[in-house]
Number of protein chains: 2
Amino acid sequence: MLPMWMAELSERSGLPVPTIKFYLREGLLPAGEATGATRARYAESHVRRLRLIRALVEVAGLGLDAVRSILTAVDNPALSLHELVGAAHTQLSAANAATPVSEEASRRVDDLVRRSRWRVAPGSAHRAALARALDTMSGLERPVSDALLDEYARAMVAVARHEVASVASDEPEVAMERAIVGTVLLEPVLLTIRRMAQEHISAGRLRRR
Amino acid sequence: MLPMWMAELSERSGLPVPTIKFYLREGLLPAGEATGATRARYAESHVRRLRLIRALVEVAGLGLDAVRSILTAVDNPALSLHELVGAAHTQLSAANAATPVSEEASRRVDDLVRRSRWRVAPGSAHRAALARALDTMSGLERPVSDALLDEYARAMVAVARHEVASVASDEPEVAMERAIVGTVLLEPVLLTIRRMAQEHISAGRLRRR
């Protein structure tokens, strides 16, 4: 591919020139190859980087600090793709990490991971996020049962097997973008299909009061 | 159960007295039995109704008009429990109903329902909500495949079978509250377990770049 000017970079990435210049100033996008005092040429790697930044900001709704820490992980050749995707997920689940978590809920999450024989890092942000969600439910008359958690785990491992298989790529930026888009953008798809399935099942069961 | 005064109604429902008076004025809560010019006694049915309103407002994030239309359905003895839960789901999925939906996406949703042999009403708000989510994805490099939709459908019907079984109740308010709480509050639980499952699966697959 031939290198491109800023105008083409803007067109290819779908981002306005001032936004791209902002990312350059913030150090999120590496500088182009200077061809004069005020002009520079950009490569395919700049397009890929901008598309990833866009997914992180527009799809995942992350702030600049979270984006920066993910890009640092992407640029660290010592990290495996698994660690990379983990870094992105940590940022996604860290959103409301300020709320403390009960010991009881943490224990139930650990038990679920053990029962499922899952490899989930002891310090994974998902463990705290799930414990927090369980705490929210515990104030209700009918808290969520372990049987339902196991059912969710069975269903989600089948789903994740399908999803993760389609993420791998030689380019870390591409794998990362796919992982984030796949995780966040597919959530409403999965949840709406769940509601349709509930409608279908309840159509059989709840015909009469 | 003995009837109760406003103070006890407030304590039992967890809602402040001014909020309860607001619901009374708005006609969402039926008046109590008057015992003088300014006093009234309330029954268990008032507690149940307030708990349902609270779930609709605080958990499902619905506005007064949506709450009113659900309560009208609850009070309509001609509706089956299935229709009742459907009315609630319609309000939940109607949130961003303003965005138009592409024909292509609608057709894919209809095909999914047909392939899955699901009973989902032709006018169900879930169909439009799913088509809308597919439209959001279609702008991306890798739109969601039918194979993934089928995988989601298989996983969600197993989950829904478990969920719907625990909703039934003799009291329409109770069934409704369970259906709404179960649908909305369990979403973060399910999605976080999906992320943990992704971490587990990718731990096996993506060890190296």
From CG (A:L191) to CG (B:L190), nearest 0.5 Å: 6.5 Å
Under a 4.5 Å heavy-atom criterion, the part of residues 147-159 of chain B in contact with chain A comprises B:A147, B:L148, B:L149, B:E151, B:Y152, B:A153, B:A155, B:M156, B:V157, B:A158, B:V159
List in chain and number order the residues that pass salt bridge (Lys or Arg N to Asp or Glu O under 4.0 Å) with A:R48, two or more places apart in sequence or in another chain; answer none if no residue qualifies. A:E171
Straight-line distance of B:H162 NE2 to A:S145 OG, nearest 0.5 Å: 5.0 Å
Of all residues at least two apart in sequence or in a different chain, which pass the salt bridge (Lys or Arg N to Asp or Glu O under 4.0 Å) check with A:E163? B:R194
Pairing residues for B:R117 by the side chain to side chain contact (heavy atoms under 4.5 Å, CB included) criterion, not counting sequence neighbours: none
Note: vs chain B, highest number of non-hydrogen pairs under 4.5 angstrom among A:V113, A:V109, A:L130 is A:L130
Is the shortest distance from a Lys or Arg side-chain nitrogen in A:E187 or B:R195 to a carboxylate oxygen in the other one below 4.0 Å? yes
Check whether more than 12 heavy atoms from other residues, nucleotides or ligands sit under 6.0 Å from atom CD of B:E11, and answer yes or no. no
In Å, rounded to the nearest 0.5 Å, how long is the span from CE of B:M196 to OG of A:S116? 7.5 Å
If I compare all heavy atoms of A:E199 with all of B:A121, which pair ends up nearest, and what's the gap? OE2-N, 2.8 Å
